[in-house]
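Structure, as structure tokens:
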Amino acid sequence: MSLENDVLLNQLSMNGAIINIGSIKNNLLVEKSIGDGKNIDFKDLNYSVRVSQKGKCTKEILRDVCGHFRACSLNTIIGPSGAGKTSLLSSLCGFKSSNLRGSIRVNGIQVNSDHLRKLTSYIPQDFELLPMLTTKETLYFATRLKVRISAGRSLGDVVNKVAENLGLQECLGTMAANLSGGEKKRLSIGVEIVSNSQVLILDEPTSGLDSASSYQVMSLLRRLSQEGCTIICSIHQPSSQIVTLIDNILVLADGQDLYCGPRVNLVETFEQAGFACPSFYNICEFVIEIATGQQNGDRQLVRKISSNFHSAFLKSVRVDSNDETVLSNNDFEDKEDEEESCEKQCKASWINELDVLLWRAAICIRRDNAMTKLRLPVHIGVGLLLGLVFRDFGKDASKTPSNIASYFFFILFLFFSTAMPALQMFPIESAVFIREYLNNWYGLCTYYLSKIITDLPLQILCPTCFLITAYWLTGQPLEWDRFMKVWIICFLISMLAQSFGVLAGAIFEPQIGCFIVPALNIPLLLFAGFFIKFSEMSSYFYPVSAISFYRYAFEGIMQAVYGNDRPVLNCDADFCILRKPKFILSYMDMPSTTFPIIICILCGWIVFLHAFIYTILRWRIANVLK
Ligand SMILES: Nc1ncnc2c1ncn2[C@@H]1O[C@H](COP(=O)(O)OP(=O)(O)OP(=O)(O)O)[C@@H](O)[C@H]1O
């Protein structure tokens, strides 16, 4: 275990941070889940998606699917690729709402997608973990975000106990990026079971794992189910050894349920319908052959026999099969209110969430090579390089044109050195955010606020280090107010670049973003007033120039350096045209606006980009929930 981990956990214990998670004896789950199982049944589930641009053509993915999953048992969905397993799992998590028809009930009470999202925890196939966090830190932050800290048990104990039960003690100090596939899967289960999830839904938890790791993961899920959690997972051709762990199986074929019932009755049911499973044959493989039409028999009869298991299930959990719920919806609301108030007590408060997110992001930023370890030295290095190339140009009127070019280089460097790392990093970060948000870890506002705050120190440090070096070496006027004005512009352009990169990362894949960011910036650069002056531009291009933040940043620096009645510059050559600062500004068609307006425009751009990012994140969440 790393020293850092120890410090992290000890610090919490010293602060008296104790977690109310019930006693984790030999069990993996929190106490609340035990004996509080959720029986789930669903009827006539239909889900379709639009496949043509105009939305006229739809594809039926789930067709009248009926089934049930027992509480405190390991339920699996099997079926050929494309049968609709992921779509069914997403529907049961409450992630599908707009194109989903049919009813889903929990303990006999009809629920909507919001209820389902609160009740379930979803572990997708491609579960993203923050690569810079160790196993211990990942579990620690999950516990702090998902469970209220109060009197009871030490947080370190809880994390250690969960890690022990998941068989992750050996890799507590290993970063998520370096974990094996099986360890990553177990960790992804761990972060969801630290709280009181009563229904755990997993999409192909064994995909990409060897048989030993697959068995380990499925055994873990079985233990979880025995301790009170309803486990539902999809699985591709499980081995015979894994099959013995499964309690109930739902077979999906071409978007329809073929069988839903106990695993032990599966062979017998199919046999009755004319599908005889050869001896020593893996029953799941056999069923998939039936689902893909490779075996002959009466599929309708299988469905009919299987419906008896459904009726037996409804009877056993006292649910009327005519859709009359034993409890009314009001009862559900009451129960939900009760659960919600408990949830409020158990879950971290808003301020605690922010605190945890800030702390977590700080660790990630500190360990990130591209964002931190490389970025700061690069800013200082480029500042030095600029200083060497444009040494004392600012003091010599004969070198004014080159000096002006160096300002433009300041802006260009600060923009691209900030925007590109943000573009690369944000897709991973946003995938983790969306998963955690959908599993009710924290809200979008809390996440967004933490992101702005954690990005700020580097936004201040990098341009400051760059500017101190470059400003001094290039011989700019050593006057406090001029330096501060240039610093403000550099800081704002750095903030703007960060937002621009994050926005591009939120919309595009990094590969496309790497092309889009420069492509969008070229016209803005071209009409910034450096390559072509405003008075020389055709009036068609005024609007592009008017929105170019480069133009305002460039003019801001020009005004800061040459404005405010600066005295005439020294001329080291025989004759210098650009000696008088006022003339230099008018030669560049400046001032076109005042310095405070420039600041307002740059701030306006930053606010606009943040609002845009926020909207995109909302839209991406809504898209998942469609
Ligand atoms: N948004 C979508 N637009 C178009 N088709 C879709 C969409 N989502 C799913 N499908 C289609 O629906 C079918 C079922 O998809 P789903 O991912 O649920 O299958 P699956 O059983 O989980 O497959 P696999 O085992 O290969 O992961 C597939 O044919 C898929 O192409």
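The structure presented is a predicted model; accordingly, all values stated were derived computationally and were not measured. Atoms within a ligand are numbered from 1 in the order they appear, just like the ligands themselves.
- Put simply, the side chain of N75 gets close to the backbone of I231: a donor and an acceptor are under 3.5 Å apart.
- Proximity annotation for atom 18 (O) of ligand 1: of S90, S87, S91, G255, S87 comes nearest, heavy atoms only.
- Less than 6.0 angstrom separates the ring centroid of Y122 from the ring centroid of F95.
- When only non-hydrogen protein atoms are considered, atom 3 (N) of ligand 1 lies nearest to V49 CG2, 3.5 Å.
- Looking at V191 and F127, their side chains come closer than 4.5 Å, going by heavy atoms from C-beta outward.
- Listed by number with element, the atoms of ligand 1 under 4.0 Å from a non-hydrogen atom of E204 are 25 (O), 27 (O).
- A distance of 6.0 Å or more separates the ring centres of F69 and F313.
- With respect to atom 6 (C) of ligand 1, the closest heavy atom belonging to the protein is I61 CD1, 3.6 Å.
- Scanning all protein heavy atoms for the shortest distance to atom 14 (C) of ligand 1 gives G82 O, 3.4 Å.
- A donor-acceptor contact shorter than 3.5 Å is absent between the side chain of R299 and the backbone of L258.
- At the top of the distance list for atom 31 (O) of ligand 1, counting protein heavy atoms only, stands K59 NZ, 3.8 Å.
- Both tests do not hold together for R105 against F42: distance to the six-membered ring centre under 6.0 Å, angle to the ring axis within 45°.
- Contact annotation: Q125 has no heavy atom less than 4.0 Å from any atom of ligand 1.
- Nearest protein heavy-atom contact of atom 26 (O) of ligand 1 is S81 OG, 2.5 Å.
- Aromatic pair H610/Y448: ring centres closer than 6.0 Å.
- With a 4.0 Å cut-off on non-hydrogen atoms, T86 touches ligand 1 through its backbone as well as its side chain.
- Residue contact annotation: G79 has no non-hydrogen atom under 4.0 Å from ligand 1.
- The shortest N or O to N or O distance between G84 and ligand 1 is under 3.5 Å.
- For atom 25 (O) of ligand 1, the closest heavy atom belonging to the protein is K85 NZ, 2.9 Å.
- Residue pairs meeting the salt bridge (Lys or Arg N to Asp or Glu O under 4.0 Å) criterion with at least one partner in residues 254-265, sequence neighbours excluded, are R63-D254, D257-R303.
- Remark: the backbone N or O of C229 is not paired with any side-chain donor or acceptor of K38 at under 3.5 angstrom.
- The side chain of H236, and not its backbone, has at least one atom closer than 4.0 Å to an atom of ligand 1 (non-hydrogen atoms only; side chain from C-beta on).
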